[in-house]
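Notes follow once the structure below has been shown.
Both backbone and side-chain heavy atoms feed into the values below; hydrogens, waters and symmetry mates do not. We count ligands from 1, going down the list as the structure has it; atoms in each ligand are counted the same way.
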Amino acid sequence: KGPLSVWKYKALLPVSGEPVTLKEGGTPIYHMKKIGAEIGLKEAYAKHEGMNPSGSFKDRGMTVGVSKALELGMKSVACASTGNTSASLAVYGARAGIPVIVLLPQGKVALGKVAQALMHGARVISVKGNFDDALRLVRELCIENGIYLLNSINPYRLEGQKTIGFEIVDYFGWEVPDRIILPVGNAGNITAIYKGLNEMKKLGIIDRIPKMTGIQAEGSAPIAKAIKSGAANISVEEHPETVATAIRIGDPVNAVKALNAIRKSGGTAETVTDEEILNAQKMLAVKEGIGVEPASAASVAGLIKLRNMGVIEDDERVVCVVTGHLLKDPETVIKNCDKPIEVEASEEAIEKVLGIK
Ligand SMILES: Cc1ncc(COP(=O)(O)O)c(/C=C/C(=O)C(=O)O)c1O
């Protein structure tokens, strides 16, 4: 009962007290009519996680993780982040009134995310290294100093994020989608959604699990490479590079769980180029009115590629989880769009450039 939200599923979440909440979850599922028509898929949907309080799916993990931190009597919380985790932790830490420390890879975090972490009062440390360096350092920092670590190595993060699976099942009911496609970085989200779907199956609410399909940027694709080569585990990408800085992660902490989720569900993993990512971002915005940041558009770029490869069948119902809001990374948008047309402040000048007269 009640509106869709993370805490609608409180009975399935490991938090006993009153949660620290900003009404996260209950995000919209949009039918992608035009993009679907272009690739011959009648049932292509996008679940817009950018519509969460801090603008990404991370809020689902943080509402549970920060609630748990309070329950455990922790004095401060920390994370390393490519941006959205730090933005979300800053928001929920502020809500909870608990000090927040975030470690960011220097020069590789989208502007909107840094703005959020700063404005919501986190101590923002910029590390001369990449995300994987920052994660190693924050784990040491937390162990040495009794600070509560809230990267997705913390299982309470995945507990919150599994509600994406709950909401997809709630929306489609018995007609479970055939496939769920999502961008993969540290691989927490694909692991979490798979867990949620398995719980729904155990509860007898669904009778089958959608194919979990992970999409990575070509320059940062340890999971996709392992799936495509059949390797038991990943080989770490030493120098991950992609315009989709949110998923610029070479050594995903949840790799083993994610490979299991993909293989057990009969899913797959694929890579897309930065160009395909930016094209998908523009298609979503211009054709469907859905504004997402580059990493999120990787799921739709992957949908298109897998469809063109013949991996996705004509009659499949597919849900792409688009994970973060367009406003998170305005610099990339400005770089990839035409400049605004400058005119003198007169109607004639405007009509002239618009070719109206
Ligand atoms: C927009 C967006 N889309 C996809 C992912 C990948 O999710 P995971 O595979 O669960 O890591 C992220 C991840 C971001 C961070 O890892 C971080 O913020 O530190 C993201 O921000």
Side-chain angles (χ1 to χ4, degrees), residues 27 47-52 54-62 65 78-91 102-105 108-110 112-114 116-117 122 127 130-135 138 149-154 157-158 160-162 164 180-195 212-217 220-224 234 240 242-255 257-259 261-262 269 272 277 280-281 291-302 320-329 332:
T27 55
K47 184 164 177 62
H48 199 342
E49 288 297 298
M51 307 298 261
N52 276 297
S54 85
S56 87
F57 70 95
K58 302 286 183 181
D59 294 346
R60 293 175 185 268
M62 288 307 176
C79 72
S81 176
T82 60
N84 280 321
T85 296
S86 67
S88 184
L89 184 54
V91 164
V102 302
L103 272 55
L104 303 179
K108 288 289 176 187
V109 181
K113 305 171 187 178
V114 179
Q116 287 178 294
V127 173
N130 65 22
F131 168 83
D132 302 297
D133 300 318
L135 183 58
V138 78
L149 177 64
L150 269 170
N151 277 92
S152 58
I153 195 164
N154 183 323
R157 275 276 314 279
L158 305 189
Q161 291 171 211
K162 75 183 181 184
I164 293 176
I180 295 176
I181 305 182
L182 66 157
V184 171
N186 230 355
N189 213 25
I190 194 164
T191 300
I193 295 172
Y194 179 65
K195 182 172 193 284
M212 299 310 291
T213 303
I215 306 299
Q216 297 202 295
S220 173
I223 299 275
I234 60 160
T242 172
V243 69
T245 52
I247 52 175
R248 186 174 168 269
I249 297 177
D251 185 9
V253 287
N254 298 287
K257 294 178 190 169
L259 294 177
I262 292 168
V272 288
I277 288 173
Q281 183 190 29
V292 303
E293 68 169 283
S296 313
S299 55
V300 173
C320 292
V321 181
V322 290
T323 45
H325 200 281
L326 180 146
L327 290 173
K328 291 280 191 167
D329 188 355
T332 300

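- Annotation for ligand 1: atoms under 4.0 Å from non-hydrogen atoms of I249 are 16 (O).
- The option with the heavy atom closest to atom 2 (C) of ligand 1, from among L89, V321, T323, is T323.
- Looking at A187 against ligand 1, only its backbone comes within 4.0 Å, counting heavy atoms.
- Neither the backbone nor the side chain of K328 comes within contact range of ligand 1; no heavy atom lies under 4.0 Å.
- Regarding atom 10 (O) of ligand 1, its nearest protein heavy-atom neighbour is N189 N, 2.8 Å.
- A donor-acceptor pair under 3.5 Å links the side-chain atoms of S220 to the main chain of I249, judged by distance alone.
- Of all atoms in ligand 1, listed by their number and element, those nearer than 4.0 Å to a heavy atom of N186 are 8 (P), 9 (O), 11 (O).
- Taking the charged nitrogens against the carboxylate oxygens, E49 and K58 have no contact shorter than 4.0 Å, which rules out a salt bridge.
- Nearest to atom 9 (O) of ligand 1 by heavy atom, out of S88, G185, G50, S56, is G185.
- No side-chain donor-acceptor contact under 3.5 Å links S152 to the backbone of N254.
- Ligand-side atoms of ligand 1 in range of G83: 18 (O), range being under 4.0 angstrom from any heavy atom.
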Exercise. Side chain to side chain contact (heavy atoms under 4.5 Å, CB included) between Q161 and I193: does it pass, once the steps are laid out?
Worked result: CA-CA 7 Å; Q161 291 171 211; I193 295 172; 5.9 Å; no
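- Taking only nitrogen or oxygen atoms, main chain and side chain alike, T82 reaches within less than 3.5 Å of ligand 1.
- For atom 20 (C) of ligand 1, the nearest protein heavy atom (residue, atom name, distance) is A246 CB, 3.6 Å.
- Listed by number with element, the atoms of ligand 1 under 4.0 angstrom from any heavy atom of V184 are 9 (O).
- Under a 4.0 Å heavy-atom criterion, S152 is not in contact with ligand 1.
- Not one N or O on the side chain of D59 forms a donor-acceptor pair closer than 3.5 Å with the backbone of S88.
- Atom 16 (O) of ligand 1 has its closest protein heavy atom at K58 NZ, 3.3 Å.
- Within ligand 1, the atoms closer than 4.0 Å to a non-hydrogen atom of E293 are 1 (C), numbered from 1 in the order shown.
- Comparing V322, V292, I247, D329 against atom 5 (C) of ligand 1, the shortest heavy-atom distance belongs to I247.
- No donor-acceptor distance shorter than 3.5 angstrom exists from the side chain of S299 to the backbone of L182, with no hydrogens or angles considered.
- In terms of protein heavy-atom proximity, atom 7 (O) of ligand 1 is nearest to F57 CZ, 3.4 Å.
- Between the side chain of T191 and the backbone N or O of A187, at least one donor-acceptor pair lies under 3.5 Å.
- Protein heavy atom nearest atom 21 (O) of ligand 1, with residue, atom name and distance: N84 ND2, 2.8 Å.
- Near G188, meaning under 4.0 Å from any of its heavy atoms, are these atoms of ligand 1: 8 (P), 9 (O), 10 (O).
- For the ligand labelled ligand 1, residue K113 lies outside the 4.0 Å heavy-atom shell.
- For atom 18 (O) of ligand 1, the closest non-hydrogen atom on the protein side is T85 N, 2.7 Å.
- Remark: ligand 1 atoms within the under-4.0 Å shell around heavy atoms of S81 are 17 (C), 18 (O), 19 (O).
- Within the 4.5 Å cutoff, no side-chain heavy atoms of E293 are placed close to those of L326.
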Problem set entry | Working for side chain to side chain contact (heavy atoms under 4.5 Å, CB included), residues T82 and N186 | CA-CA 10 Å; T82 60; N186 230 355; over 6 Å; no
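- Counting only N and O atoms by type, the side chains of N130 and K108 include no donor and acceptor under 3.5 Å apart.
- No side-chain donor-acceptor contact under 3.5 Å links N151 to the backbone of C79.
- The backbone N or O of L150 sits less than 3.5 Å from a side-chain atom of R157, completing a donor-acceptor pair.
- For N254, no heavy-atom contact with ligand 1 is shorter than 4.0 Å.
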Exercise. Are R60 and T27 close enough, and set up right, to give a side-chain hydrogen bond (donor to acceptor under 3.5 Å, both in side chains), and what steps lead you there?
Worked result: CA-CA 11 Å; R60 293 175 185 268; T27 55; 3.2 Å; yes
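- Between the side chain of Q116 and the main chain of S54, a donor-acceptor pair closer than 3.5 Å is present.
- At a heavy-atom distance under 4.0 Å, no atom of Q161 approaches ligand 1.
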